[in-house]
Q: 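Okay, here's the structure, questions in a sec.
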Amino acid sequence: MDNIQRAKEIKFQSIDELTRKRHRYLVDGDICYHWRTYISKGDFKVYDTNNVIENFKKELPAQGAPLHYKNKAIKQLAKEFFEIISKNEQRIEYIKNSTFIPIPPSAKKGEKKYDDRLLRLLYTVSDLLKLPLDIREVISNRVSVPPSHKSEKRLSQDDLLSNYMINEDLCNKLHKRIIIFDDVITAGSHYKAMQKTLLQHPNFSSKKIIGFFIARAVNPNYNTTL
Amino acid sequence: MENVDFIDAVSPFRELAAYEALWDKKDTTVKKISDLFSQYFYESNADNYKKIFTIFKNNDFNFSSLVDEKVIGCYKEKLKPFIFKYNFNISMFFEPEFPCALLDSFLPIYLLYYMGNFALLNKKAISVVGTRMPTEEGVRRTEKLVRKLCEDEYVIVSGLARGIDTAAHKTAIATNGSTIAVIGTPINKCYPPENTKLQQEIAKEHLLISQVPFLKYESQDFRKNRFFFPERNKIMSSISEATIIVEAGETSGSLIQARDALKKGKKVFILNSCFENKAITWPERLNNLGAIRVREYEEIKQELNKNNG
């Protein structure tokens, strides 16, 4: 089992020529990283990644067991992220010189369903690293939207774009690298809408904007012509 | 051009190119490839381990650690037609989703090509295998057995060959069960050709996996490529809780799988009818090695439940 543990190690993967075409909003030049692979419509009870991510996304307000599982998932995923980052000095430097901007929660602050799981994960990573990471809620939704993993019809790029707004107060003294952070990248529509929104702002226009995700989603029923 | 934002992440395309390049050397075999990577994880000799440990401490060990950058670039070009044409995925040893059973083996596998639902590998699975030229009775027995296994929610693993394998996959699909096909060709090829539709259906609705590299397979002829077929049986035994042989000749690939499964401490079931065929001797031999003679599904079920008890 020792050998397996040596071989098995959580690592960042880039979304490259091999995998990019599965995320139809992404184009050449988009720089995105993830460390797990999520199966859309997968059987999550037996598949660890789906299981952890379903728990991570558990809808709020939650109480008792659901909340316990959610908190546990946040801790576990933060620990994984931390382990990747703390592997070498270069990675720590990289993270230190980045501004993290999470995708805004679908429900707005103050609402019952407001879920700041992405922020909580990042702050946990920051605690584990004993480093104050630069984490900012630069973008928020104008109006609450149904969570995309629950809704039947996904919001279009235009819907997303017109609903995002920038908090001007948080746009100063940015690091040279901006990391958009989300749990799962599927088509990449949220990531691209965030990127576009940020690039329209003068303070961001010269920045390098990249994406970090817990997992990329693969659709098992993808066209499989031989 | 400053378009690469550097964090030392793994690029799956780069790894695939390196893996295919390592395979493309002369006289490479599944065993040689496996050993090549295993030496980095298994403490086979102390010197090597020391060397490796230094690599490990600060950086990741991947396929690309073993291949020259120029060569990787060249293999990326060679692979482009495949990656644009076929919608396959790869899973690599270090990923949290990669099955531990394939690493914890006499012949560890470090990369899989797949299409379909990878989550099926996390479910309890049984291999149903046998001859390419079954009797009518053999096909009927396969169908009956697979229906019962599906009722008990086992995923049916088989090798997509003619005969028993085909019957096993088709019955699993017809019963609304799940099935995994482990093939001895690259993921874009089908053998036998008449199973192309079946392979596509498995790739879309179930799970199709292969360890066979595209370029190596293209560059050598069938005399060498046929050695991939028995190798896939070893993957099947690793990902299955047990192996059932319905009917098989003296030289069947399913016997390789049975021996491999026994070596791994897994259960092998041989249907009683095989013992009654006086033209073959393998049932007795496997029986002596620990394979279990069974008359009906209930006996298999009891033995499997012992495993979990």
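So that the names make sense, note that chain A is the first sequence line, chain B the second, and so on, each numbered from 1. No hydrogens, no waters, no symmetry mates; every other heavy atom, side chains included, goes into these values.
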Q: Just verifying a value: how many Å separate A:K87 NZ and B:D8 CG, rounded to the nearest 0.5 Å?
A: 9.0 Å
Q: Distance from B:L120 atom CG to A:I39 atom CD1, nearest 0.5 Å?
A: 8.0 Å
Q: Specify the closest pair of heavy atoms between A:S14 and B:S11, including all atoms of both residues, with the distance to one decimal.
A: OG-CA, 3.3 Å
Q: Between B:K124 and A:V46, is there a side-chain heavy-atom distance shorter than 4.5 Å?
A: no
Q: Taking atom NZ of B:K32 as the centre, does the number of heavy atoms from other residues, nucleotides or ligands within less than 6.0 Å exceed 12?
A: yes
Q: Quick one, B:V10 and A:Y33 - any side-chain contact, counting heavy atoms below 4.5 Å?
A: no
Q: Between CD1 of B:I83 and NZ of A:K21, what distance do you get to the nearest 0.5 Å?
A: 6.0 Å
Q: Check whether any side-chain N or O of A:R22 sits under 3.5 Å from a backbone N or O of B:N87 as a donor-acceptor pair, and report yes or no.
A: yes
Q: Under 6.0 Å from the NZ atom of B:K80, do we count more than 12 heavy atoms belonging to anything else shown?
A: yes
Q: Between A:K11 and B:F61, what is the shortest heavy-atom contact and its length?
A: NZ-O, 3.0 Å
Q: Could you check which of B:N122, B:L121, B:L16, B:L79 has the highest count of heavy-atom pairs closer than 4.5 Å to chain A?
A: B:N122
Q: Using non-hydrogen atoms only, which part of B:Y114 is less than 4.5 Å away from chain A: side chain, backbone, both, or neither?
A: side chain
Q: Count the heavy atoms of every other residue, nucleotide or ligand shown that sit under 6.0 Å from OH of A:Y69, and state whether that count exceeds 12.
A: no
Q: Using heavy-atom distances under 4.5 Å, tell me whether A:T37 contacts chain B through its side chain, its backbone, both, or neither.
A: both
Q: For B:E15 and A:Q13, which I'm curious about, is there any donor-acceptor pair between the side chains at under 3.5 Å?
A: no
Q: So if I apply the side-chain contact (heavy atoms from CB on, under 4.5 Å) rule between B:F13 and each of A:T19, A:D16, A:I15, which one comes out positive?
A: A:D16
Q: Surrounding CD of B:E194 (heavy atoms of other residues, nucleotides or ligands, distance under 6.0 Å), is the total greater than 12?
A: yes
Q: At what distance, to the nearest 0.5 angstrom, does CD of A:E17 lie from CZ of B:R14?
A: 11.5 Å
Q: Should we say atom NZ of B:K170 is surrounded by more than 12 heavy atoms from elsewhere, each under 6.0 Å from it?
A: no
Q: Side chain from CB out, backbone as N, CA, C, O: work out which of these in B:I90 comes under 4.5 Å of a heavy atom of chain A, or both, or neither.
A: side chain
Q: Of the non-hydrogen atoms in A:I10 and B:P96, which two are nearest, and what is the gap between them?
A: CG1-CG, 4.4 Å
